[in-house]
Amino acid sequence: MTPTRSADELLGVDSPAWPWLETLLAGAVVDFKVLSADDTSKRDVLFRLQVTAASTLGAIASNGAAIIIDHGWVRILGAGAHGIEDIATVNALGDPDHRAAPPGHLVIAYDVLGGVFAINHDDLPAEPGEVCYWGPDTLDWTPLGAGHTAFVEWLVRGGATEFYRELRWPGWEEEVAALSLDEGISVYPFLFTEEGRNIATAARKAVPFRELLFLNEHMAKSLSARSE
C-alpha cells in the first residue's frame with residue numbers, strides 16, 4: 001500500500017502542472033473562468049486526492065475552486081467554493097489513511113444538463129485512466145478515448161462545440177450564463193426520449209443542480225429495472 005503523503009509533499013514537486021495549464025488557458029478558444037479557493041481548502045482537497053501538483057488533476061485542485069468552461073456549460077471540479085462542491089467531497093474521499101480502496105471511477109466535471117465526466121479506475125466500460133461521459137440523453141457511460149489531461153485540453157480548445165451540437169439551442173449562452181453555480185437546466189420531455197430530441201422546442205428550467213443529478217440517476221435506474 002502506498003504511504004499517505006502530506007499536502008506539503010504533494011505540492012512540493014519540481015515540475016508543477018499549473019504553469020502549463022495557465023498557458024493552455026491563455027490560448028483558450030472558449031469562454032472560461034478559474035474560480036478562486038482558499039489555501040486551506042486547496043491543501044485539504046489535494047491531501048484527500050493523494051495526487052501531486054505535477055498532475056493536471058492535482059494542479060487544478062491546488063490552484064482553484066473550479067474551472068468554468070463555455071459560459072458555465074461545463075464545470076471542471078477543483079477545491080470547491082460556495083455553490084460548487086470540491087472534487088474530493090463529490091467522490092466521497094475522506095481521510096486517505098482510512099480508505100479501504102480507490103473508487104471505481106472519479107467524477108471530474110459536470111455539464112449544465114446533469115451530464116457527468118469521470119476518470120475510469122475499474123467500473124466503467126473503458127480503459128483505466130480513460131475519461132468517460134454519462135449523458136442525460138443516453139443514460140449511459142461512453143468512453144471518450146482520452147485521459148484527464150487530454151480531456152482538459154479538448155475542452156479549452158473548443159471540443160465541446162461539436163460534442164454538444166445536438167444538445168444546444170439558439171441563445172443557450174445567455175441562458176446558461178445566467179445560472180448560479182448550484183443550478184442546472186432540467187429539460188422536458190426528457191432528453192433520452194424521442195419527444196425530447198429537439199431541445200430547442202423542449203421546456204427548460206433552472207433547478208438545483210443536486211436535484212437534477214438525483215432525477216437523472218433515478219430515471220436511469222428506473223429504466224434499467226424495467227428492461228431486466
Side-chain angles (χ1 to χ4, degrees), residues 32 35 45 48-49 51 56-57 60-61 65-81 83-93 102-156 159-168 172 176 179-187 190-193 196 199 204 206-224:
F32 77 91
L35 303 183
V45 170
R48 287 193 281 159
L49 281 174
V51 297
T56 303
L57 187 66
I60 294 172
I67 301 177
I68 308 303
I69 300 285
D70 235 354
H71 307 280
W73 187 279
V74 177
R75 300 132 183 209
I76 303 174
L77 302 175
I84 187 165
E85 286 186 311
D86 66 81
I87 188 171
T89 299
V90 164
N91 290 283
L93 298 178
H105 60 271
L106 188 78
V107 174
I108 53 171
Y110 294 115
D111 68 36
V112 73
L113 301 176
V116 183
F117 294 96
I119 302 170
N120 180 45
H121 175 59
D122 62 10
D123 69 350
L124 298 182
E127 293 297 316
E130 187 174 355
V131 175
C132 295
Y133 175 69
W134 187 94
D137 56 335
T138 63
L139 303 184
D140 206 356
W141 290 100
T142 301
L144 299 185
H148 183 246
T149 297
F151 164 72
V152 174
E153 287 187 80
W154 171 75
L155 283 176
V156 170
T161 300
E162 178 60 25
F163 186 76
Y164 287 109
R165 186 169 53 86
E166 300 297 328
L167 293 174
R168 286 177 170 174
W172 67 267
V176 171
L179 300 173
S180 62
L181 288 174
D182 58 357
E183 291 181 316
I185 293 178
S186 176
V187 180
F190 298 117
L191 292 170
F192 60 84
T193 66
I199 194 170
R204 302 181 304 274
V207 297
F209 194 68
R210 283 283 136 200
E211 180 182 303
L212 180 59
L213 291 178
F214 176 81
L215 175 62
N216 285 346
E217 183 179 0
H218 174 73
M219 293 302 301
K221 287 180 177 177
S222 296
L223 290 174
S224 177

Asker: Return the NE2 to CD distance between His105 and Glu130, rounded to the nearest 0.5 Å.
Answerer: 14.0 Å
Asker: Are the side chains of Arg48 and Thr89 in touch, meaning some heavy atoms are under 4.5 Å apart?
Answerer: yes
Asker: Less than 4.5 Å apart, any side-chain heavy atom of Met219 and any of Leu215?
Answerer: yes
Asker: Taking atom CZ of Arg168 and atom CD1 of Ile199, what is their separation to the nearest 0.5 Å?
Answerer: 10.0 Å
Asker: If you compare all heavy atoms of Ala146 against all heavy atoms of Phe151, which two are closest, and at what distance to 0.1 Å?
Answerer: CB-N, 4.5 Å
Asker: Which heavy-atom pair separates Gly72 from Val112 by the least distance, and what is that distance?
Answerer: O-CB, 4.2 Å
Asker: So, for Ala61 and Val45, which heavy atoms are closest and what is the spacing to 0.1 Å?
Answerer: CB-CG1, 4.0 Å
Asker: Do Trp172 and Leu167 make a side-chain contact, defined as non-hydrogen atoms from C-beta onward lying under 4.5 Å apart?
Answerer: no
Asker: side-chain contact (heavy atoms from CB on, under 4.5 Å) for Asp111 and Tyr133? Distances and angles first, verdict last.
Answerer: CA-CA 10 Å; Asp111 68 36; Tyr133 175 69; 2.5 Å; yes
Asker: Do you know which of Leu57, Ile60, Ile76, Leu77 makes side chain to side chain contact (heavy atoms under 4.5 Å, CB included) with Ile108?
Answerer: Leu57
Asker: Are side-chain N/O atoms of Asp70 and Tyr164 paired as donor and acceptor at under 3.5 Å?
Answerer: no
Asker: Shortest non-hydrogen contact from Leu113 to Pro136?
Answerer: O-CG, 3.7 Å
Asker: What distance do Asp182 atom CG and Arg75 atom CZ have between them, rounded to the nearest 0.5 Å?
Answerer: 8.5 Å
Asker: Are the side chain of Arg204 and the backbone of Ile185 linked by a donor-acceptor contact shorter than 3.5 Å?
Answerer: no
Asker: Less than 4.5 Å apart, any side-chain heavy atom of Leu139 and any of Trp134?
Answerer: yes
Asker: For Glu217, check salt bridge (charged side-chain N to carboxylate O under 4.0 Å, His left out) against everything at least two apart and list the hits.
Answerer: Lys221
Asker: Find the distance between CD (Glu153) and OG1 (Thr56) and round it off to the nearest 0.5 Å.
Answerer: 7.5 Å
Asker: Nearest 0.5 Å, please: how far is CD in Glu85 from CZ in Phe209?
Answerer: 10.5 Å
Asker: Evaluate side chain to side chain donor-acceptor pair (under 3.5 Å) for Asp140 paired with Thr138, printing each intermediate quantity in order.
Answerer: CA-CA 5 Å; Asp140 206 356; Thr138 63; over 6 Å; no
Asker: Taking atom CG of Leu191 and atom OG of Ser186, what is their separation to the nearest 0.5 Å?
Answerer: 8.5 Å
Asker: Under 3.5 Å, is there a donor-acceptor pair between the side chain of Asn91 and the main chain of Leu93?
Answerer: no
Asker: Taking all atoms of both residues into account, what is the closest heavy-atom pair of His121 and Pro103, and its distance?
Answerer: CB-O, 3.4 Å
Asker: Could I get the full list of salt bridge (charged side-chain N to carboxylate O under 4.0 Å, His left out) partners for Glu127, not counting sequence neighbours?
Answerer: none
Asker: Verify, without hydrogens or angle tests, whether Asn120 (side chain) and Ala126 (backbone) share a donor-acceptor contact under 3.5 angstrom.
Answerer: yes
Asker: Students often mix this up, so state it plainly: with edges at 30° and 60°, are the rings of Phe117 and Phe163 parallel, tilted or perpendicular?
Answerer: tilted
Asker: Under 4.5 Å between any side-chain heavy atoms of Leu35 and Leu181, yes or no?
Answerer: yes
Asker: Looking at every heavy atom in both Ala160 and Leu155, which two are closest together, and how far apart are they?
Answerer: CB-CD2, 4.1 Å
